[in-house]
Amino acid sequence: MVDRLGPSPNDQMEASMCGIAGWVDFGRDLSGERATIDAMNEAQKHRGTDARGVWCAADVAIGHTRTSVIDLAGGVQPMFAEEDGRTIAVLTYSGEVFNFKELRNELERRGHRFRTRSDTEVVLRSYLEWGADCGKHLEGMYAFGVWDLRTETMLLVRDRFGIKPLFYSLQPEGVVFASEPKALLTHPLTKATVDLDGLREVFSTAKRPGEAVFRDQDQLRPGHTLSISRKGVVDRTYWELEATPHTDDLPNTISHTRQLLEDIVLGQLTADVPLCTLLSGGLDSSAVTAVAANWLRKNGERVRSVTTTYVGYSENFQPDDTRDTADGPFADELAQHVGAEHIHLVLDTRDLMDPEVRLAALTAQDMPTTAGDMDASHLLMMRATREHSIVALTGEVGDEVFGGFRWMHDEELVRSGTFPWIANEKRVPGCVKGQGRGLFHDGFLKKLDMDTYYRETYAQALRETPHQEGESEYESLMRTVRYVKLMRWLPMLLERGDRLAAACGLEARLPFLDHRLVEYMYNTPWEFQSFDGREKSILRAAVKDLLPTSVLERRKAPYPVTQDPAYTEALHALLAETLADPDAPILPLLDQQAVNEVYRHPKGVSQDWPSRMNVEMVLQMNTWLKHYGITLDI
């Protein structure tokens, strides 16, 4: 256990909220291509508002855009490594490596000499020491590219879970890469073409690793490296989840989980700019806030917590199938309990229909999603939080790591032979054709064939799932459930979280997604993880002394959606406007009879969330097709 708050004042970590870009082409001279990289930087400028850098040479051009979080005056990128007076490697890096101090000490013992105290230089020197295996030594969230002048090789590296994005487009004689698709689309070698595979990724809630929406693009898989040289392209795995024996009994499992959580939160409290926690009043965000409050209290500081809600939401809250209670009162109680400097932000649901907000949420992710108004509200929450803090610790992915989803505890769903959340979707009225697909015509949906997509994606995930010898049938089943939610569900949440936060200039940190904690919980027997008959049993027990009883015992409530009838009425008006436009690109894909059913509802759009989602997807798809000038190849 570390007994001080973060690194010493001389230890400097750059911002994780950066944008990287690059172009390698062994068939042309790129030394004059600064304008191309500048355009890529400009497209993702929201990821780095403080500084930009470009470096061009014969076969390579590299860009970087940076928002400073720590080491505000330093950390210039691209960063160069020199040997005997000549440049040997160039780095463009987005991320934070939380064990950078220990790594720097190890590298110094191995003979490396540092010019800065930054984690960027530690990453660069780690590459010089360990080459393509450098990711094995890094703990944190990162995506970077290193150009090695000695071998004329570009190495792309992405963190173990893909917290930080990295998109690329392979070319006949090289590669183009960037943090976001929109940056790649500025490059003359890529086009905004989307085929059926891309549309399947749009509608999917079980993502295929490495797939991107635009046909000319791919994503570097989490825990992978991609090496591009004159010899060709090599994709390597440097980390994957493994099944290992769990030797701790239940009390020691709970104790070790608490220790891991404390160490992880401590490491993520480092910032030279205002930092907060995003507090919903649920178990996950409350645990992060309470642990952070304990560490900060030792230094005579208070944790800052931020809660957001809609005007009148708590007062007019109506329970539904997944939400028993409103968040606000629980967040307020937890903040008072830990002595937080609590900020309560109230959003106006009318802003959810602001055309600028809707477009910003769409373009932040470069695609429509099945999240509906949750995207717009998440963006507004990030914007409001950014007015008070630049870094935010979140409780995201606590459900994925600790088994918090209700469908994980439903015998019928986990034995359904497909992704349990997809099986659960089929129970929901309004999702007969699938989530968000209710207004599209059958001919299009037949081409899309999401049933085959899910069947093949699930079969692939089953083949990947690591198991232990001697597992019981039920433990094997639940290990599979844990694996698919981490490797097929989680990517959807990570993309959304990173992109919406980055669009607002906010750096989001995810303590629960530290690989040490994930590995430990993945190998903890399911009977331990549900030992008290509830979801998230281990986490609840690990932090029970930190939380008020009401928060500790609160049943899981998903991210809130607006319950304001005015919002659904506004959706109806926007749908009518879209359908009246003869040039609307979405029209050929719609089922007119299904659309007519929408208008039979007294107020146009049904208040239930699945029905609203059907309308949301039509509106988002239409805007996306127009805004990006997309060519559909279906």
Side-chain angles (χ1 to χ4, degrees), residues 14-68 75-81 87-95 120 123-124 127 142-149 152-158 164-192 212 214 216-220 226-230 233 363-364 366 499 502-503 505 628:
E14 275 83 54
S16 71
M17 190 176 56
C18 300
I20 65 174
W23 180 14
V24 175
D25 196 318
F26 297 111
R28 70 175 77 188
D29 184 354
L30 301 184
S31 58
E33 293 290 345
R34 182 183 181 94
T36 301
I37 303 301
D38 278 337
M40 296 176 74
N41 275 345
E42 176 67 19
Q44 51 191 18
K45 62 183 179 181
H46 49 279
R47 299 191 73 91
T49 57
D50 295 328
R52 296 187 196 180
V54 174
W55 178 78
C56 299
D59 301 317
V60 62
I62 294 175
H64 187 266
T65 179
R66 175 183 184 236
T67 293
S68 302
V76 176
Q77 291 193 55
M79 180 175 280
F80 305 90
T87 300
I88 59 172
V90 185
L91 171 72
T92 180
Y93 159 68
S94 169
T120 300
V123 171
L124 183 53
Y127 166 75
Y142 48 83
F144 58 89
V146 184
W147 174 251
D148 192 323
L149 284 81
E152 295 185 311
T153 300
M154 174 64 73
L155 181 73
L156 303 180
V157 185
R158 195 174 182 201
K164 291 298 160 189
L166 207 172
F167 291 82
Y168 68 92
S169 176
L170 289 177
Q171 301 298 323
E173 297 192 66
V175 69
V176 184
F177 66 90
S179 292
E180 297 187 2
K182 62 174 66 67
L184 287 181
L185 290 176
T186 69
H187 197 282
L189 295 179
T190 64
K191 301 183 185 303
F214 295 97
D216 288 344
Q217 302 181 17
D218 293 286
Q219 293 193 65
L220 183 59
L226 192 73
S227 176
I228 303 98
S229 69
R230 295 183 186 275
V233 178
T363 56
D366 294 315
R499 307 279 281 285
Y628 284 80

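Since we're looking at a predicted model, the values are computed, not measured. Side-chain atoms are counted along with the backbone in the values below, which use heavy atoms only and exclude waters and symmetry mates.
Using a cutoff of 4.0 Å between basic side-chain nitrogens and carboxylate oxygens, D59 and R230 are scored as salt-bridged. Ion pairing between a basic and an acidic side chain is recognised when a charged N comes within 4.0 Å of a carboxylate O; R52 and E42 show such pairing.
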_Derivation of the side chain to side chain contact (heavy atoms under 4.5 Å, CB included) call for L91 and H64_ = CA-CA 9 Å; L91 171 72; H64 187 266; over 6 Å; no

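One distance of note links CZ of F26 with CD of E152; it measures 6.5 Å at 0.5 Å rounding. The line from OH of Y142 to OH of Y93 is 9.0 Å long, rounded to the nearest 0.5 Å. Atoms CE and CD1, on M40 and I37 in that order, are 5.5 Å from each other to the nearest 0.5 Å. To the nearest 0.5 Å, atom CG of residue L170 and atom CG of residue L226 are 6.0 Å apart.
When side chains are defined from C-beta on, T65 does not count as touching C18, because their heavy atoms never get closer than 4.5 Å.
In plain terms, the two heavy atoms of L30 and A61 that are nearest each other are CD1-N, 4.0 Å.
Remark: the E33 side chain and the S31 side chain contain no N/O donor-acceptor pair separated by less than 3.5 Å.
Among residues two or more places apart in sequence or in another chain, the side-chain contact (heavy atoms from CB on, under 4.5 Å) test is passed with T87 by F80, E82, V90, L149. Evaluation of the side-chain contact (heavy atoms from CB on, under 4.5 Å) rule for D218 yields Y168 as partners, not counting sequence neighbours.
Partner of F144 under the side-chain contact (heavy atoms from CB on, under 4.5 Å) criterion, out of T92, L124, T120, V157: V157 alone.
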Please output the side-chain donor-acceptor pairs of residues 180-187 that fall under 3.5 Å, not counting sequence neighbours, one pair per line with the distance.
from : atom 1 : to   : atom 2 : distance (Å)
E180 : OE1    : H46  : NE2    : 3.1
E180 : OE1    : K182 : NZ     : 2.7
E180 : OE2    : H46  : NE2    : 3.2
E180 : OE2    : R47  : NH1    : 2.8
K182 : NZ     : T363 : O      : 2.7
K182 : NZ     : D366 : OD1    : 3.2
K182 : NZ     : D366 : OD2    : 3.2
T186 : OG1    : A183 : O      : 2.7
H187 : ND1    : L189 : N      : 3.1

